There are 2 protein chains.
Amino acid sequence: MPKRDREATRARLLEAARLRFAREGYDATSVRDIAGDAGVDATLIFRYFGSKKRLFDEVTADLPAGLPDGLPDGPEEELVARMLRAVVFHDWTRYGGEHPLVAMLRSSAHDDARQRMRQEVCDTYVDALRDLAEGDGPELRAELLSAWLVGIGILRSVVATPALAGASADDLAPHVEAVASALLGRPMRGTPSSEG
Amino acid sequence: MPKRDREATRARLLEAARLRFAREGYDATSVRDIAGDAGVDATLIFRYFGSKKRLFDEVTADLPAGLPDGLPDGPEEELVARMLRAVVFHDWTRYGGEHPLVAMLRSSAHDDARQRMRQEVCDTYVDALRDLAEGDGPELRAELLSAWLVGIGILRSVVATPALAGASADDLAPHVEAVASALLGRPMRGTPSSEG
DNA sequence: CCCATAAGTCATCGAACGCTGACTTGCCCG
DNA sequence: CGGGCAAGTCAGCGTTCGATGACTTATGGG
């Protein structure tokens with residue numbers, strides 16, 4: 001492994017940018033901050049990415065493709081419970097401790113960020129939930145459920161509402177069950193059966 | 001009315017700041033932008049408010065106290081429906097077309113903004129909903145319902161999810177009824193009776 | 001060993017930022 | 001009319017921003 005490793009440096013910059021953009025948003029993050037975190041010179045950002053904007057694009061382009069592992073696996077009636085765990089209790093340390101979608105809200109003044117968020121929400125959550133909805137307007141039902149998941153993520157990690165911030169996944173389970181069943185029009189389970 | 005009206009100028013600055021901060025967030029807004037919108041000199045901001053930060057504080061301090069009129073009025077079982085209308089379908093033109101809470105999320109990198117959001121959410125939404133929740137953990141139920149309202153507001157106005165963005169209040173009514181009833185453990189109505 | 005190439009550094013640019021103090025303009029009261 | 005005071009203007013402070021180009025240093029093939 002050479003001391004001067006272009007790819008390694010690029011990766012360190014990407015990782016540092018990911019964290020900064022997530023924690024503080026696009027505008028509040030400076031290229032010097034990112035380079036400082038990565039332990040390299042700020043100029044390399046322009047060498048490797050062209051501009052701050054393009055670095056942001058590259059960071060937000062490869063979101064974790066929603067929830068990488070195990071989201072579609074398991075019984076349908078536990079999908080929402082798995083989603084909630086993935087949204088709220090997954091280890092998002094690479095994104096400042098918050099779900100990437102929640103973090104990206106900080107940069108939502110930029111239209112690109114909005115588009116990426118919409119695409120991410122629709123492709124990852126709404127698409128998966130729509131197939132579960134019974135009755136009229138499965139799209140709207142799926143979006144309303146997605147809104148709940150997003151809202152929980154925000155109230156937990158950003159607003160830090162007292163009860164939600166201190167709640168465990170098991171505390172939420174019965175409510176997940178109730179709401180998901182009510183919205184999807186079919187019985188749902190609040191706890192993945194892998195638990196206890 | 002004198003041509004040089006301190007109070008009027010101050011008010012114009014506050015109004016312009018409200019819109020800018022809401023639309024673009026704290027960091028992306030410059031005092032020159034605000035002053036330009038208000039049609040006055042930028043230095044007046046420091047004359048009248050001391051600093052950009054204090055102007056922001058003043059703008060966010062007098063949020064519309066949640067939902068100014070008619071929120072507590074009306075039957076209890078329609079409270080959530082009224083809240084949703086207030087959150088989502090109220091005329092928020094003074095805040096860039098979005099709910100102040102959603103707008104403030106853009107500045108959520110600053111701890112003050114987070115505190116204000118928490119206070120606003122707890123005082124306006126959770127407090128009112130907690131009294132309606134039956135069964136164990138009314139606080140958590142109230143916060144989960146608040147999370148839903150916030151999430152809907154975000155998916156509608158920021159992420160612009162297709163079905164939700166095009167939905168009317170009446171489209172949401174049955175789902176409001178189902179979710180609110182499920183979460184609060186008591187029957188709820190989705191449409192204010194003032195309608196139709 | 002030498003040198004072309006690529007990785008990383010340095011000094012600095014022009015623009016924009018928040019903010020300050022000295023200045024000018026207009027209004028009211030005697 | 002005229003002085004005093006408040007409202008509003010102006011030039012510029014020091015800093016930081018994103019971005020550029022010339023420079024130095026390390027690496028690896030001949």
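Bear in mind the structure is a predicted one, so any value in this text is a computation, not a measurement.
Taking side-chain N and O atoms only, T9(B) has no distance below 4.0 Å to OP1 or OP2 of dA7(D). Between R4(A) and dT27(D) there is no side-chain polar atom (N or O) within less than 4.0 angstrom of OP1 or OP2.
Other residues sharing a hydrophobic cluster with L19(B) under the 4.5 Å side-chain heavy-atom criterion for ILVMFWY residues do not exist; the residue is a singleton.
Annotation: proximity of residues 103-115 of chain B to DNA chain C (heavy atom, distance under 4.0 Å) is found for no residue. Against DNA chain D, the stretch residues 37-50 of chain B makes heavy-atom approaches under 4.0 Å through D41(B), T43(B), L44(B), R47(B), Y48(B). A heavy atom closer than 4.0 Å to some atom of DNA chain D occurs in T29(A), S30(A), V31(A), R32(A), these being the qualifying members of residues 16-32 of chain A.
The ring-ring contact (aromatic ring centres under 6.0 Å, His included) pairs that include a residue from residues 5-40 of chain B are F21(B)-Y26(B), F21(B)-F56(B), Y26(B)-F56(B), Y26(B)-H110(B), where partners are two or more places apart or lie in different chains. Applying the side-chain hydrogen bond (donor to acceptor under 3.5 Å, both in side chains) definition to pairs two or more places apart or across chains, those involving residues 31-41 of chain B are R20(B)-D37(B), S30(B)-D33(B), D41(B)-T43(B).
Rounded to whole Å, the distance from CG on D5(A) to P on dA7(C) is 9 Å. Distance, R10(A) CZ to dA6(C) P: 17 Å, rounded to whole Å. Atoms CG (D33(A)) and C1' (dC17(D)) sit 11 Å apart, rounded to a whole Å. Whole-Å rounding puts the R12(B) CZ to dA7(D) P distance at 15 Å. In this structure, the CZ atom of R54(A) is 9 Å from the P atom of dA19(D), given to the nearest Å. Put simply, CG on L13(B) is 12 Å from C1' on dG8(D), counting in whole angstrom units.
Every residue meeting the side chain to side chain donor-acceptor pair (under 3.5 Å) condition with D127(B), not counting sequence neighbours, appears here in chain and number order: R130(B). Contacts of R186(A) classified as side-chain contact (heavy atoms from CB on, under 4.5 Å), with partners at least two apart in sequence or in another chain: E76(A), L132(A), E134(A), L184(A), M188(A). The side chain to side chain donor-acceptor pair (under 3.5 Å) search around R114(B) returns none, not counting sequence neighbours. With sequence neighbours excluded, no residue forms a side chain to side chain donor-acceptor pair (under 3.5 Å) with S107(B). Partners of T29(A) according to the side chain to side chain donor-acceptor pair (under 3.5 Å) rule, which considers only residues two or more places apart in sequence or in another chain, do not exist here.
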Which pairs would a plain distance check flag for residues 156-164 of chain B, meaning a side-chain donor or acceptor within less than 3.5 Å of a matching protein atom at least two apart in sequence or in another chain?
| unit_1 | atom_1 | unit_2 | atom_2 | d |
| --- | --- | --- | --- | --- |
| R156(B) | NH1 | L164(B) | O | 2.9 |
| R156(B) | NH1 | A167(B) | O | 2.8 |
| S157(B) | OG | G153(B) | O | 2.9 |

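Looking at heavy atoms from C-beta onward, R141(B) lies in side-chain contact with H175(A) at the 4.5 angstrom threshold.
Across all their heavy atoms, P100(B) and W92(B) have their closest contact at CD-CE3, 3.7 Å.
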